[in-house]
Each structure stands twice: as C-alpha cells, then as structure tokens.
Novice: 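Here it is, the structure in full.
Chain letters run A, B, ... following the sequence lines, proteins first, then strands; residues in each count from 1. For clarity, every value in this text was computed on a predicted model and none was experimentally measured.
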Number of protein chains: 2
Amino acid sequence: MRDNYYFIEKLRSLGLRPTKQRVRICKVLFDRNDTFHFTIYELANLLKLKSKEKISLATLYNTVHAFKKKGYLKEISINSDKSYFDTNISDHHHFFNESTNELIDLTDKDFDNIKLKKSLPGKKIKSLEILVKVANNN
Amino acid sequence: MRDNYYFIEKLRSLGLRPTKQRVRICKVLFDRNDTFHFTIYELANLLKLKSKEKISLATLYNTVHAFKKKGYLKEISINSDKSYFDTNISDHHHFFNESTNELIDLTDKDFDNIKLKKSLPGKKIKSLEILVKVANNN
DNA sequence: ACACTACTTTAGAATCATTATAAATTATAA
DNA sequence: TTATAATTTATAATGATTCTAAAGTAGTGT
Ligand SMILES: [Mn+2]
Ligand SMILES: [Mn+2]
Ligand SMILES: [Zn+2]
Ligand SMILES: [Zn+2]
C-alpha cells in the first residue's frame, strides 16, 4: 500500500536517515491496515520471511528504540519476560491474552471516564496505562 | 511486631512448610506497617542486612513465587527490566516513579469509577491493572 | 526415637532478552 | 569528491530468571 518513497520521507521527517534496513523495517511494521503489536523476536521472524538479506539483531533493537524515541512506536509494559511494541501510538489500552500472548486494543471509549484524582507533588505524569489480562476459558 | 510463631502458622495455613528461610523472608516482607514493593534484588539486600546467614538466590525466587501462587504477594507489571512484587494484595493501582524506580499505591478511590465496557467472548478477565508512570520535574 | 517420603534449599550452570563495544559501512553536506 | 557523523554489524557482555541435581529437612506414621 505504501511505497518506499513514503517511508523514506517519513524517516527524514523524523530526523532519521532512511537506510535500506530502516525502510524494510518500516514496511513490515507500518505497511498494513491494522495496528501491529510485536516483540523484537516476532519482528525478526517477519523480516526473515520478507527477504533473505539479513538485518542484524542489534539494528532491530536500535531501530525500534529510535522509532519509540521519535514517537513512531509505543512500548507496552506487560511483564518482565520481554518488551512489546505497538504501531498504534494513540492513547489506548489493552487486553493481553495470557494464553496466546496476544495484545488487543482498547480505547477510552471502552471504559467509563477514567479520571485520576490524585497527583504527586513535584512529579510529572508520563503515562497512564491500563492493562486487562485475560485467559482462555479452561 | 509479629513473632516467628505468627509467620509459622501463616505459612502452614498457606500449605507451605515453615522453614527458617521462609520465616526470615516473611519477617522482612510482612513484619512492617506499610505496604512493601520490592524486587528480588532489593529483598536479597535486606536479608543480607538482617542476618549473616545466607539465603540462596534460588530460594528467594522459589519463595517469592510460592507466595505469589498462594496469593500472599502480588506481582506488578512495570517493564521488562525486572519483576516487582507487592505485599499489598488488595485491588489497587500504582504510581511508578521512573526517576527513582519506586512504586506508590493508588486505590479505586483515586479514580473515578473505572468500568470496562468491553469483554472478550470465550476469555476470562484475570486482572485489570492501571499503572501511572511519573518522573521527577526536571 | 526411627524411618520414610515429599518438600525444600542450594550452588552452579544454563537460558534468554537486552545492551555494549568497536570496527566497517554508508548517508549527507560541504 | 571528501569529510563527518550516523548507522550497521558481529560479537561479547550483562543481568534477570530458570533449571538441575544433589544435599538437607519437615511432617507422618511406626
Ligand atoms: Mn513473570
Ligand atoms: Mn525498557
Ligand atoms: Zn495497542
Ligand atoms: Zn501496591
């Protein structure tokens, strides 16, 4: 759906050099209709499928963290096993299926007005995340 | 405040043998007035301070996981760096101070009625956690 | 008290996600 | 084209957690 040019310009607009590795990663992550939730491991596997030209694992970590820093990806805190990332950078929450390790998006609309009444003096709120853990019945 | 006997009976009531390692761990974790949020690393350091008789790291992991399984501890999902545990097993949420890596309790009272409107067919909700990440100003 | 058994502890090794290193490569601007 | 900084890469290092298998211990029944 999106051509290389689109991602090259996107990367430039983020202040990141459009290397061929980054463009390939963008196509896997962002050239799709739906939100994509992934781990580095899953990303690595998808890239292997798409092309036989290897991208170093270090580059995957570097790139994903660069994208996160630029606000092009979000990181989701689920557990201490591994990090999950999310192409949906809007303010939203998740179902985490503990049986399959899959994430499903929720939005503010899926909750009654969530309003934090407390604040911490001298502290700035960086994020508010809701995570609903689910498991398959039996 | 609590003597060994209290924890010995508590352990028995959980179906866990009251070994001297477990009792010592209980005193560090539960013999206090306030909720205690900790990592295994912090627990290990506290135990070193209390006594020179070493408890194996494997025992700390075993014990903390056994306590969690019995509902005597909760695990808090913060990030993929390490696991956090919580002696407050009631339904509550957290401020996580990213500057100091400290957890502070919040309760339902600190939010307007949080109500999840969606459900997942065929899935059972295991938990709903809210984590508010904060950082020190500047 | 003794013996039996299942549970527990333990040191050390293994695993695995992630980060660090440092040299080679590449994108971009002069 | 050259210079510079950014990027990629293989590989090593780190660090939390889990595994292993042997030694120790608590509870039970005799
Ligand atoms: Mn876990
Ligand atoms: Mn992280
Ligand atoms: Zn999402
Ligand atoms: Zn708490």
Side-chain angles (χ1 to χ4, degrees), chain A residues 4-5 7-28 37-48 51-70 72-73 75-85 101, chain B residues 4-5 7-28 37-48 51-70 72-73 75-85 101:
Chain A
N4 283 12
Y5 179 74
F7 290 115
I8 288 171
E9 286 311 301
K10 177 71 187 181
L11 287 167
R12 274 198 238 275
S13 79
L14 294 173
L16 295 170
R17 290 185 181 175
T19 64
K20 63 179 189 303
Q21 290 89 343
R22 284 174 175 163
V23 171
R24 282 180 53 211
I25 291 170
C26 279
K27 297 194 85 162
V28 167
H37 299 105
F38 65 98
T39 62
I40 297 286
Y41 176 81
E42 290 161 352
L43 174 57
N45 281 336
L46 281 178
L47 284 162
K48 272 179 216 147
S51 157
K52 61 190 302 191
E53 292 177 59
K54 174 185 180 185
I55 297 180
S56 161
L57 192 56
T59 299
L60 297 189
Y61 277 97
N62 291 340
T63 301
V64 166
H65 283 126
F67 287 1
K68 180 193 172 189
K69 193 171 186 179
K70 297 294 185 178
Y72 201 19
L73 284 176
E75 188 171 5
I76 313 297
S77 301
I78 298 195
N79 58 41
S80 90
D81 294 341
K82 58 180 63 165
S83 268
Y84 284 74
F85 295 90
N101 281 14
Chain B
N4 283 12
Y5 179 74
F7 291 115
I8 288 171
E9 285 312 301
K10 176 70 187 181
L11 287 167
R12 272 198 241 276
S13 79
L14 293 172
L16 296 171
R17 292 185 179 174
T19 64
K20 63 179 190 300
Q21 291 88 345
R22 283 174 175 164
V23 171
R24 282 181 54 209
I25 291 170
C26 279
K27 297 194 85 162
V28 166
H37 300 104
F38 65 96
T39 61
I40 298 286
Y41 176 80
E42 290 161 352
L43 174 57
N45 282 335
L46 281 179
L47 285 162
K48 272 177 216 148
S51 155
K52 60 190 304 190
E53 291 177 61
K54 175 184 181 184
I55 297 180
S56 159
L57 193 55
T59 299
L60 296 189
Y61 278 97
N62 289 343
T63 302
V64 165
H65 283 126
F67 287 1
K68 179 192 172 191
K69 193 171 186 180
K70 298 295 187 177
Y72 201 19
L73 283 176
E75 187 171 6
I76 312 297
S77 300
I78 298 196
N79 59 39
S80 90
D81 294 341
K82 59 181 63 166
S83 268
Y84 283 74
F85 295 90
N101 282 12

Novice: Base, sugar-phosphate, or nothing: which does B:Thr19 touch, judged by heavy atoms less than 4.0 Å apart?
Specialist: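 Answer is sugar-phosphate: B:Thr19 comes under 4.0 Å of backbone atoms only.
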Novice: Provide the full list of salt bridge (Lys or Arg N to Asp or Glu O under 4.0 Å) pairs with a residue in residues 8-22 of chain B, sequence neighbours left out, each pair given once.
Specialist: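 Matches after skipping sequence neighbours: B:Glu9-B:Arg12.
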Novice: Taking only residues two or more places apart in sequence, or in another chain, which ones meet B:Lys48 in a side-chain contact (heavy atoms from CB on, under 4.5 Å)?
Specialist: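 Applying side-chain contact (heavy atoms from CB on, under 4.5 Å) to B:Lys48 gives B:Asn45.
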Novice: Return the value, rounded to whole Å, for the distance between atom CZ of B:Arg24 and atom P of C:dT9.
Specialist: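 Atom-to-atom, B:Arg24 to C:dT9, this comes out as 12 Å.
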Novice: Answer yes or no: does a side-chain N or O of B:Ser56 lie under 4.0 Å from OP1 or OP2 of C:dT9?
Specialist: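 False: B:Ser56 side-chain N/O out of range (4.0 Å or more) of C:dT9 OP1/OP2.
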Novice: Side chains of A:Val64 and A:Glu75, heavy atoms from C-beta outward: is any pair under 4.5 Å?
Specialist: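 They are not in contact (no side-chain heavy atoms under 4.5 Å apart), so the answer is no.
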Novice: Roughly how far, to the nearest 0.5 Å, is the CZ atom of B:Arg24 from the OG1 atom of B:Thr63?
Specialist: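 If I round to the nearest 0.5 Å, the distance is 11.0 Å.
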Novice: If pairing requires Watson-Crick or G-U wobble contacts with both distances under 3.5 Å, which nucleotide is the partner of C:dA30?
Specialist: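 D:dT1 - that is the nucleotide pairing with C:dA30, both distances being under 3.5 Å.
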Novice: At under 4.0 Å, does any side-chain N or O of A:Gln21 touch on OP1 or OP2 of C:dT26?
Specialist: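 For C:dT26, neither OP1 nor OP2 has a side-chain N or O of A:Gln21 closer than 4.0 Å.
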Novice: Are any protein N/O atoms closer than 3.5 Å to N/O atoms in nucleotides 27-30 of chain D? If there are, list each pair with its distance.
Specialist:
from   : atom 1 : to      : atom 2 : distance (Å)
D:dG27 : OP1    : B:Arg12 : NH1    : 2.6

Novice: From B:Lys82 NZ over to B:Asn101 CG, what is the distance, rounded to the nearest 0.5 angstrom?
Specialist: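 The distance works out to 7.5 Å.
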Novice: If each of B:Leu57 and B:Arg22 is mapped to the nucleotide of DNA chain C with the nearest heavy atom, which maps nearer the 5' terminus, i.e. the 5' end?
Specialist: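 Of the two residues, B:Arg22 wins.
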Novice: Could you check how far CG of B:Asn79 sits from P of C:dA17, rounded to whole Å?
Specialist: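 Atom-to-atom, B:Asn79 to C:dA17, this comes out as 16 Å.
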Novice: Give each protein N/O atom lying under 3.5 Å from an N/O atom of nucleotides 13-16 of chain D, with the pair distance.
Specialist:
from   : atom 1 : to      : atom 2 : distance (Å)
D:dA16 : OP1    : B:Lys82 : NZ     : 3.4

Novice: Nearest-Å distance, NZ (A:Lys54) to C1' (D:dA10)?
Specialist: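 Distance check: A:Lys54 NZ to D:dA10 C1' gives 7 Å.
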Novice: Using nucleotides 20-25 of chain C, report all nitrogen or oxygen pairs with the protein that are shorter than 3.5 Å.
Specialist:
none

Novice: Using atom CG of A:Asn62 as one end and atom C1' of D:dT11 as the other, report the distance to the nearest whole Å.
Specialist: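 The answer, rounded to whole Å, is 14 Å.
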Novice: What nucleotide, of C:dT8, C:dT9, D:dT8, holds the atom closest to the side chain of A:Thr59?
Specialist: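 Given the options C:dT8, C:dT9, D:dT8, the side chain of A:Thr59 is closest to D:dT8.
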Novice: For A:Phe38 and C:dA17, give me the distance from atom CZ to atom P, rounded to whole Å.
Specialist: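 From A:Phe38 CZ to C:dA17 P: 15 Å.
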Novice: How many Å lie between CG on A:Leu60 and C1' on D:dT8, as a whole number?
Specialist: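 The distance from CG of A:Leu60 to C1' of D:dT8 comes to 11 Å, rounded to the nearest Å.
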Novice: With rounding to the nearest 0.5 Å, note down the distance linking NZ in A:Lys27 to CG in A:Leu47.
Specialist: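 Spacing of NZ (A:Lys27) from CG (A:Leu47) equals 12.5 Å.
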Novice: Output the distance between atom CG (B:Leu57) and atom OH (B:Tyr41), rounded to the nearest 0.5 Å.
Specialist: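 Answer rounded to 0.5 Å: 11.5 Å.
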Novice: When rounded to the nearest 0.5 angstrom, what distance separates CG in B:Asp81 from OG in A:Ser77?
Specialist: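 Taking CG in B:Asp81 and OG in A:Ser77, the distance rounds to 9.0 Å.
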Novice: Taking the minimum atom-to-atom distance to the side chain of B:His65, which one of D:dT8, C:dT10, D:dT18 wins?
Specialist: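 Nearest to the side chain of B:His65 among the choices is D:dT18.
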Novice: Enter the distance from A:Phe85:CZ to A:His65:NE2 here, rounded to the nearest 0.5 Å.
Specialist: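 Separation between the atoms: 4.0 Å.
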Novice: B:Ile25 CD1 to C:dT8 C1': how many Å, rounded?
Specialist: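 Going from CD1 in B:Ile25 over to C1' in C:dT8 covers 11 Å.
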Novice: Once you round it to whole Å, what is the distance between P of C:dT18 and CD of A:Glu42?
Specialist: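 Atom CD in A:Glu42 sits about 11 Å away from atom P in C:dT18.
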Novice: Could you tell me whether the side chain of A:Ile25 reaches within less than 4.5 Å of the side chain of A:Phe67, counting heavy atoms only?
Specialist: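 Yes. Closest side-chain heavy atoms under 4.5 Å.
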Novice: For B:Lys70, which residues count as a side-chain contact (heavy atoms from CB on, under 4.5 Å) partner, sequence neighbours excluded?
Specialist: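 Testing B:Lys70 for side-chain contact (heavy atoms from CB on, under 4.5 Å), a comparison that skips the adjacent residues, returns B:Leu14, B:Leu16.
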